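Keep in mind the model is a prediction, meaning the values are calculated, not measured. Just so you know, residue 1 is the first one in the sequence shown, and it goes up from there.
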Amino acid sequence: MADENPQNRDEHNIWPNSALDGIKWKDLMSTLILDRLEASFDNNWEDALSQTTVQMTQNTKTDCDDGRPQCTIVGGQLSRMEYFDSECNYDDDDDRYHLHTTADRDSIACTSLLCDCSDDGFLDGNNICCSCSMKTQYSHRSLTDNPNSRETISEKIKKNEIENIKQQIEIYRKRLEYMMKINCQLQSKLKKTIRKQLLLEQYITWPYAVKNGKVEFPGKNDLILIMSMDRDYAPLSAACVRALNDKMYDKRKAAALEIEKMVKEFAAVNNSMQIRRLLKVLGQDFSMSKNANTKKGGLIGLAAMAVGLGKDSVNYIDDLIIPILVNLNDADLKVRYYASESLYNVSKVARSAVLKHFPDIFKALSKLATDPDQNVKNASELLDRLMKDIVTDNSNIFDLVGFIPLLRERIYTENTFAKQFIISWITVLDDVPSIDLVIYLPEILDGLFKMLSDPTFEIKKMCDAVLKKFLDDLRHSPEKVNYTDMINTVVIYSYSTDEFVQFTAMSWIKEFIEMYGSNILPFASNILKASMASNSNQDIESQIRIKQTAKLVNSTLMELINGVEDTIQHENTDVIEKDEGKNLDLASLITVLLKELGGSTIETKITVLKWIYHLFIHLPNRILVYMESIFPLLLTTLSYPNEEVVQNDLKVIAKIISPSAAQTNNKQYFDHFILSLLKQFSCDRTLLKDRGQFIIRQICGLLNSNDIYRTLSTFLLEETNMKFASVMIGTLNTILLTSPELYDLRTQLRDVEKQENREMFLCLFRTWCHNPVAAVALCLLTQNYFLVCKLLQTFASMDVTIDLLIEVDKLIQLLESPIFIYLRMELLEEPVNQYLIKALYGLLMIMPQSDAFHLLRHRLKCVPHLTMGSETPASETVKKDFKGMFDTSTMLSHFTTLQEKHRNYRINTYSIQQIDKAIAKIDV
């Protein structure tokens with residue numbers, strides 16, 4: 001016997017296909033009908049027969065087509081005429097009523113289930129199955145009573161129907177027994193499965209028609225529709241159920257109005273039980289149906305209930321909202337549209353109560369914003385605006401903490417419409433005074449910058465407005481936000497290829513430095529790297545403002561260094577700074593600087609050099625640890641072709657090697673710098689030729705020129721490459737005689753009466769002997785004309801080369817420069833210095849008759865009273881003085897020795913060159 005308690009049935013199990021294999025629909029239907037009829041007759045046999053008879057009598061028509069009374073036998077509670085249209089005709093010959101169907105059927109389905117008839121057989125006119133040849137077991141019941149008595153006719157019809165039903169019950173009983181013998185377990189499973197699949201709430205009276213005393217049941221498709229309509233949808237009426245299932249919107253709307261009226265009546269009497277029952281019917285049976293029209297009916301019904309409940313809808317908000325939210329993700333676009341409309345109506349009534357389900361609503365809205373159907377999208381926009389109004393009006397109960405994860409999860413969407421949806425919500429929430437969204441800015445800032453890089457202009461404009469609003473909020477209350485995560489975010493986006501994103505990120509970095517000051521120092525290395533990357537942009541109109549902002553960031557960050565303490569922290573110290581924000585990570589900063597120093601752009605190199613110089617100014621003690629890494633790169637940078645870069649590089653080097661530097665071993669770095677400089681000049685003669693004078697002049701201007709020349713002369717004296725030494729001394733000599741930076745040194749050399757000046761002269765002379773003309777020029781500078789004459793006399797025994805004559809030519813040109821104006825003025829003294837005249841004539845005799853020769857010759861003609869007589873007292877005094885100051889013989893001996901080394905070097909070099917040429921000519 002079937003389970004009559006609907007609470008014990010699982011209404012949501014799926015019909016297993018395996019249970020239907022090999023089973024005819026007629027068998028399933030027969031089993032279910034038998035089960036229902038048994039329950040109906042066993043529980044209340046007389047009531048069931050009486051109810052069936054009364055219903056049949058009530059549905060009897062009054063007239064047939066020929067004017068005689070007719071009856072239509074209908075067996076169900078709902079409109080059975082919709083499926084089976086039978087009528088009762090009057091027979092003149094037999095004076096009896098009989099039943100027949102209006103449809104023309106030559107045969108009817110075989111319902112004899114006693115035999116094992118596996119085919120779908122049919123009964124012929126003699127009531128014999130065409131497949132199993134089984135004779136039906138019913139007889140044609142004649143109604144012989146007085147036709148004028150309707151009461152008698154009803155009784156006979158009742159008896160005839162009862163007898164026919166009893167016969168069918170007996171047939172189905174035997175058929176069930178036979179099937180259970182075959183597979184009892186399968187039969188039980190089938191009965192349960194049918195109930196679960198068809199969601200049976202209670203036992204119903206099955207529709208049937210009778211022909212010739214035979215009960216005829218509907219087919220498979222009709223059975224499903226009838227059962228769905230015969231379910232218990234109370235308190236909905238049958239007409240309302242049909243209207244809700246109708247595909248026409250007007251009918252569903254009319255049903256919704258009826259539901260609204262019904263709900264208002266329930267609410268008026270506080271009948272919550274009926275309201276919840278109705279919510280269950282609409283929310284589960286209708287809204288969760290597989291039929292699209294049924295879903296639409298359920299959705300509009302839920303909206304009608306919300307309208308009917310009014311403010312009381314708050315008490316039923318879960319049952320109203322949840323079914324609608326499920327249908328917002330339906331595959332049918334019309335269902336999604338009606339779900340949006342339904343949720344709009346419910347939310348409009350419930351207002352703040354729907355905030356309980358706001359996370360699910362927001363998820364659904366974010367999907368609907370990208371819906372391909374424009375109608376659905378329009379409906380979702382209306383719902384979206386309503387939800388924004390509700391949140392704005394009820395901001396005090398809005399769960400902002402729970403909303404942020406939803407926002408963060410969807411802010412990285414790639415869909416343009418979804419981006420607009422997200423930005424609009426951020427804008428709305430940020431405009432609400434009672435919602436402090438800026439606190440959660442670190443969680444959504446990355447997504448906002450990602451949206452800012454969207455190629456769509458509208459998205460850029462909206463996102464830029466939101467970012468500007470957030471930045472303005474930060475200026476007023478920077479302490480509310482955890483800035484550490486945001487700094488890393490904006491630094492990352494400062495490398496963006498999108499110029500607008502790059503500019504925005506640099507602007508945010510600049511504002512962070514101004515707002516948080518020294519607390520930014522732990523991030524100085526990252527910010528510095530970002531500013532250098534932006535500063536290396538080209539000077540085009542679109543990138544000018546980026547470069548300007550990067551320069552501001554760089555200069556502002558450098559100012560923060562001024563307040564950092566120059567204290568070296570040892571590893572074993574137990575002292576920890578209380579304010580960790582002011583801890584400058586100097587190691588990472590130096591790493592960035594050294595890496596960027598090898599960059600390709602001039603501006604980047606200059607910026608790095610300025611930074612290193614700034615660090616040496618304000619943190620000389622702390623930067624000493626990194627000197628071994630910095631100094632070699634600085635020396636390498638000297639060969640860079642740009643003068644501004646070299647100038648800044650020399651500025652840093654000068655700061656490092658200057659005696660005023662904090663390090664105690666500055667002499668070591670000074671010597672290292674001089675040696676490295678000479679090595680670079682020796683290896684790269686082009687560098688010496690093109691940039692040598694510039695580098696030496698700059699370093700002499702930054703440092704003490706005496707120290708520079710003294711150290712250079714000391715190292716060059718030991719130089720083994722004689723040719724390089726000669727060239728280098730010529731360069732140094734030219735700088736000494738012409739450069740404004742060496743004016744003080746020239747002045748000191750002219751005053752050799754002081755001991756320190758004499759020592760400087762002797763130091764230089766020993767090295768200047770590598771170049772004969774430079775040695776002569778140095779003696780002319782110091783007014784040691786006697787030594788000049790002796791040196792020029794040695795030229796007669798020297799190998800005078802073209803290079804030597806060129807240098808003499810240059811020297812004669814220099815004698816006409818302002819540097820030697822004092823020498824030319826001495827030619828006017830009386831008596832004239834005979835060693836000076838002799839030295840000048842010596843130069844004149846060395847030179848061929850070139851332009852320089854005629855220049856000097858004309859100069860000597862301008863000397864008044866020029867006589868070459870005996871030595872005068874004045875000249876004797878000069879001679880005597882210099883003889884007492886310097887050991888001329890030793891100096892000449894040293895000069896001769898060095899020149900001999902040069903001669904041997906030239907010979908060896910020439911021999912090597914000839915050998916190399918000979919080897920090159922040999923065919924291997």
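Stacking of Lys651 on the aromatic ring of Tyr613 is recorded, both the 6.0 Å distance cut-off and the 45° axial limit being met.
A donor and an acceptor atom, one from each side chain of Glu603 and Thr601, are nowhere located under 3.5 Å apart. Looking at Gln502 and Ser534, their side chains do bring a donor and an acceptor atom within 3.5 Å of each other. Gln748 and Glu756 share no donor-acceptor pair across their side chains, judged by distance under 3.5 Å alone. Checked by atom type, the side-chain pair Asp887/Ser889 shows a donor-acceptor distance below 3.5 Å. Side-chain contact annotation: Arg758 with Gln755, donor-acceptor N/O pair under 3.5 Å present. Judged purely by distance below 3.5 Å, without hydrogens or angles, the side chains of Asp799 and His902 never pair a donor atom with an acceptor atom.
Within the 3.5 Å criterion, the main-chain N or O of Ser893 finds a donor-acceptor partner in the side chain of Thr897. Side chain of Asp566 to backbone of Asn621: a donor-acceptor contact under 3.5 angstrom is found. At least one donor-acceptor pair under 3.5 Å links the side chain of Thr794 to the backbone N or O of Leu791. Side-chain atoms of Thr767 come within 3.5 Å of backbone atoms of Ser713 as a donor-acceptor pair (strictly under, hydrogens ignored). Although no hydrogens or angles enter the test, the distance criterion places a donor-acceptor pair under 3.5 Å between the side chain of Gln680 and the main chain of Leu635. Between the side chain of Ser676 and the main chain of His672, no donor-acceptor pair closer than 3.5 Å is present. Looking at Arg697, its side chain never comes within 3.5 Å of a backbone N or O of Ser739 through a donor-acceptor pair. A distance-only check finds a donor-acceptor pair linking the side chain of Arg824 to the backbone of Ser817 [under 3.5 Å]. A donor-acceptor contact shorter than 3.5 Å links the side chain of Tyr822 to the backbone of Leu781. Checking side-chain atoms of Gln647 against main-chain N and O of Gln698 turns up no donor-acceptor pair under 3.5 Å.
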Q.
Please evaluate residues Tyr905 and Asn721 with respect to the criterion side-chain hydrogen bond (donor to acceptor under 3.5 Å, both in side chains), reporting the C-alpha separation (whole Å), side-chain torsions for both, the decisive distance (0.1 Å), and the verdict.
A. CA-CA 8 Å; Tyr905 180 82; Asn721 189 339; 2.9 Å; yes

Q) Which is it for Asp851 and Leu855 under the side-chain contact (heavy atoms from CB on, under 4.5 Å) test, yes or no, and what are the steps along the way? A) CA-CA 6 Å; Asp851 293 339; Leu855 181 63; over 6 Å; no

Q: Take Ile561 and Trp611 through the side-chain contact (heavy atoms from CB on, under 4.5 Å) test and state the conclusion after the steps.
A: CA-CA 10 Å; Ile561 301 297; Trp611 260 97; 3.7 Å; yes

Q: Could you check Asp707 against Ser705 for side-chain hydrogen bond (donor to acceptor under 3.5 Å, both in side chains), going step by step and ending with a plain yes or no?
A: CA-CA 5 Å; Asp707 295 335; Ser705 58; over 6 Å; no

Q | CA sep, side-chain torsions, deciding dist, call: Arg622, Val564, side-chain contact (heavy atoms from CB on, under 4.5 Å) | A | CA-CA 11 Å; Arg622 294 181 62 179; Val564 179; 3.4 Å; yes

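Using a 30° and 60° split on the angle between ring planes, His614 and His618 fall in the tilted class, from 30° to 60°. Between Phe795 and Phe895, the angle of the ring planes stays under 30°, which puts this pair in the parallel group of the 30/60° scheme. Note on ring orientation: taking the six-membered ring where Trp is involved, the planes of Trp768 and Tyr709 are tilted (angle from 30° to 60°).
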Quiz: residues 802-815 side-chain donor-acceptor pairs under 3.5 angstrom, not counting sequence neighbours:
from	atom 1	to	atom 2	distance (Å)
Glu807	OE1	Asn771	ND2	3.4
Glu807	OE2	Asn771	ND2	3.4

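In this structure, Met532 and Thr604 approach most closely via the heavy-atom pair O-OG1, 4.1 Å. Among all heavy-atom pairs drawn from Asn757 and Val752, the shortest one is CB-CA, 4.2 Å. Closest heavy-atom contact between Arg766 and Leu898: O-CD1, 3.4 Å.
Summarising the geometry, atom SG belonging to Cys683 is positioned 8.5 Å from atom CZ belonging to Phe724; distances are rounded to the nearest 0.5 Å.
The environment of Tyr743 atom OH is sparse: at most 12 non-hydrogen atoms of other residues, nucleotides or ligands sit within 6.0 angstrom. Within a 6.0 Å sphere centred on CD of Glu753, other residues, nucleotides and ligands contribute 12 heavy atoms or fewer. Lys529 NZ: 12 or fewer foreign heavy atoms inside a 6.0 Å radius.
Listed by first and then second residue, the salt bridge (charged side-chain N to carboxylate O under 4.0 Å, His left out) pairs that reach into residues 894-906 are Glu900-Arg903, sequence neighbours excluded.
For Thr686, the side chain to side chain contact (heavy atoms under 4.5 Å, CB included) partners are Asp684, Asp690, not counting sequence neighbours.
In this structure, Glu596 does not pair ionically with Lys605, as no charged nitrogen and carboxylate oxygen lie closer than 4.0 Å.
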